[in-house]
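What you see is a predicted model, and the numbers here were worked out from it, not measured in a lab. In listed order, ligands and their atoms are each counted from 1. This chain uses plain numbering: 1 for the first residue, then up along the sequence.
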Amino acid sequence: MKILLVGGGGREHALAWKMAGSTLCDRMWAAPGNPGIARHAECVDIPADDTDALVRFAGDNGVDLVVVGPEDPLAGGLSDAVRAAGILCFGPTARGARIEADKAYAKELMRGAAVPTAEARIFTELSAAKQYVLSRDHGVAVKAAGLAKGKGVFVCDEPYQAVRPLEQIMGERVFGEAGRTVLVEERLTGPEATVLALCDGKNIYIAPPLQDHKPIGDGDTGANTGGMGAYSPVPMLDEAMLGRIEREILVPIVDAMRRDFGRYEGVLYAGLMLTPGGPKVIEFNCRFGDPECQPLMMRLDSDLVEAMVAVCEHKLGDIEMRWDPRPSVCVVMASGGYPGPYEKGLAITGLAEAEALDDVAVFQAGTADCDGTLVTAGGRVLGVTARGETIADAQCRAYEAVGHIHFEGAHWRTDIADRAIAAL
Ligand code: AMP
Ligand code: GLY
């Protein structure tokens, strides 16, 4: 098969790394890709949001399967356009992507299907939203309804602290049109988990659960980021709980989408909080998580391309996926200043030494090639990922690999997977 992978971050590097090992993959391109992805695919200089150019490239080069990594192109209709051209596409249509791109829609869908989630009110008027939060007695979470690169959520211990975020989102429009509608949710408590399910519109297949680490600082302190590290499996989430998540959350939401618009095909990402009252949905995403995809791919033993094709051909029930029982841990190395402003173009060294370690893969997220030197080019630069006999062993290997890598200002959390180790 000829495959076109769309995107250029750590998630896409992990996907390219895994797809390149498939017996079904004859040739692979990535648009735009990155220097890490370039080891497995031919990178083509087309931005991930240039739908017309991507569809043209796929048609001109006889591409059989397009795999879309990030949410923006999906929300913009890339999957619809690829399918209209008669090419298989892994990733939902624009209507399906609304589950992530429009949190007000997702909340209504959950309500209609009785999927457990935080109670929420939806507002389009700043004054009404402010009045509402000031009438609350407990903490709230304020969320821009549209896509805001994971930065549009503010969790407030005290209701009055929600006023400023509301003004920024709705008044100053710091996230642009994404802040036209806002959700004010009750604040939930409990450990978080990510559950990723492959969906072919009818069948769902649940992958091993993961846990992300969103805040920038150790002990979950500081600003939220796209994710500073992840691991799998999650000891706090046992088989019984996973069964509940399937019955109470995944099956009803996929059914609700089928009733609303038809088949949802691709990955459904459920961001969950394991509250004292049971698992509840914090958000749905229409794609693999990043960094979650990196430790997940490290544990996938069976053929990823076969699974993606089964999704596109509605034959998910016919295949079996196999996972390495060994846990994996991914530590994100970020640019100095991230998630705020940061410098780019700083030389990265020590990658070869890190990659020479057993059961270690370094996925590149924000990197560029500058006259043969690998340099930083984004906030999250590398996803240093390792497998081990135990979570503690995987964690130890990941941090050993991190210790070999240098770039000016590099920073990372030192407690990725500590919670899992403490829970065992
Ligand atoms: P999201 O982008 O929706 O995943 O939100 C980012 C982070 O904000 C989540 O990972 C949670 O830690 C937190 N969060 C979101 N919604 C709530 C809520 N209703 N209660 C408590 N924390 C929340
Ligand atoms: N790591 C969180 C996300 O991909 O949305």
Heavy atoms, side chains only, cut-off 4.5 Å: are Met228 and Tyr338 in contact?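 Yes - at least one pair of side-chain heavy atoms lies under 4.5 Å apart.
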
Of the side chain and backbone of Glu192, name the one, both, or neither that has a heavy atom under 4.0 Å from an atom of ligand 1.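 Side chain only; the backbone of Glu192 stays clear of ligand 1.
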
Just let me know how Thr189 lines up against ligand 1, side chain, backbone, both or neither, with a heavy-atom cut-off below 4.0 Å.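 None of Thr189 does.
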
Give me the residue, atom name and distance of the protein heavy atom closest to [atom].
| atom | value |
| --- | --- |
| atom 23 (C) of ligand 1 | Val155 CG2, 3.7 Å |
| atom 4 (O) of ligand 1 | Glu283 OE2, 2.8 Å |
| atom 16 (N) of ligand 1 | Lys143 NZ, 3.0 Å |
| atom 20 (N) of ligand 1 | Leu188 N, 2.8 Å |

Arg258 NZ/CZ over Tyr264 ring centroid, <6.0 Å and within 45° of normal: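 Output no; distance or angle outside limits.
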
Check for me whether Arg98 meets the cation-pi criterion with Tyr105, that is, NZ or CZ under 6.0 Å from the six-membered ring centre and within 45 degrees of the ring axis.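 Yes, a cation-pi geometry holds between Arg98 and Tyr105.
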
Using a strict threshold of under 4.0 Å (side-chain N to carboxylate O), is an ion pair present between Lys130 and Glu167?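 Yes, this pair counts.
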
What residues come within 4.0 Å of ligand 2, counting heavy atoms only?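 Contacting ligand 2 under 4.0 Å are Asp212, Lys214, Gly226, Tyr269, Asn285, Arg287, Gly289, Asp290, Pro291, Glu292.
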
For [X], counting its heavy atoms only, list the atoms of ligand 1 lying under 4.0 Å from any of them.
| X | answer |
| --- | --- |
| Lys214 | 4 (O), 10 (O) |
| Asn224 | 6 (C), 7 (C), 8 (O) |
| Lys103 | 3 (O) |
| Ile282 | 3 (O), 4 (O), 15 (C), 16 (N) |
| Glu186 | 18 (C), 19 (N), 20 (N) |

Hey, does the side chain of [X] reach the backbone of [Y] with a donor-acceptor pair shorter than 3.5 angstrom?
| X | Y | result |
| --- | --- | --- |
| Arg387 | Val360 | no |
| Thr117 | Val115 | no |
| His411 | Ser335 | yes |
| Asp415 | Gly219 | yes |
| Thr376 | Gly345 | yes |

Purely on distance, is any nitrogen or oxygen of Arg187 under 3.5 Å from one on ligand 1?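 No, since none of the N or O atoms of Arg187 sits under 3.5 Å from an N or O of ligand 1.
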
Ligand 1 to Ala141 polar contact by distance, N or O atoms, under 3.5 Å: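 By distance alone, the answer is no.
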
Determine the interplanar angle of the Trp17 and Phe363 rings, folded into 0 to 90°, and report it as parallel if under 30°, tilted if 30 to 60°, perpendicular if over 60°.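 Plane angle over 60°, so perpendicular.
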
On the 0 to 90° scale, with breaks at 30° and 60°, tag the Phe57-Trp29 ring pair as parallel, tilted or perpendicular.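 Perpendicular: the ring planes of Phe57 and Trp29 meet at over 60°.
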
For the ring pair Tyr132 and Phe123, is the centre-to-centre distance below 6.0 Å?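 Yes, they do, as the ring centres are separated by less than 6.0 Å.
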
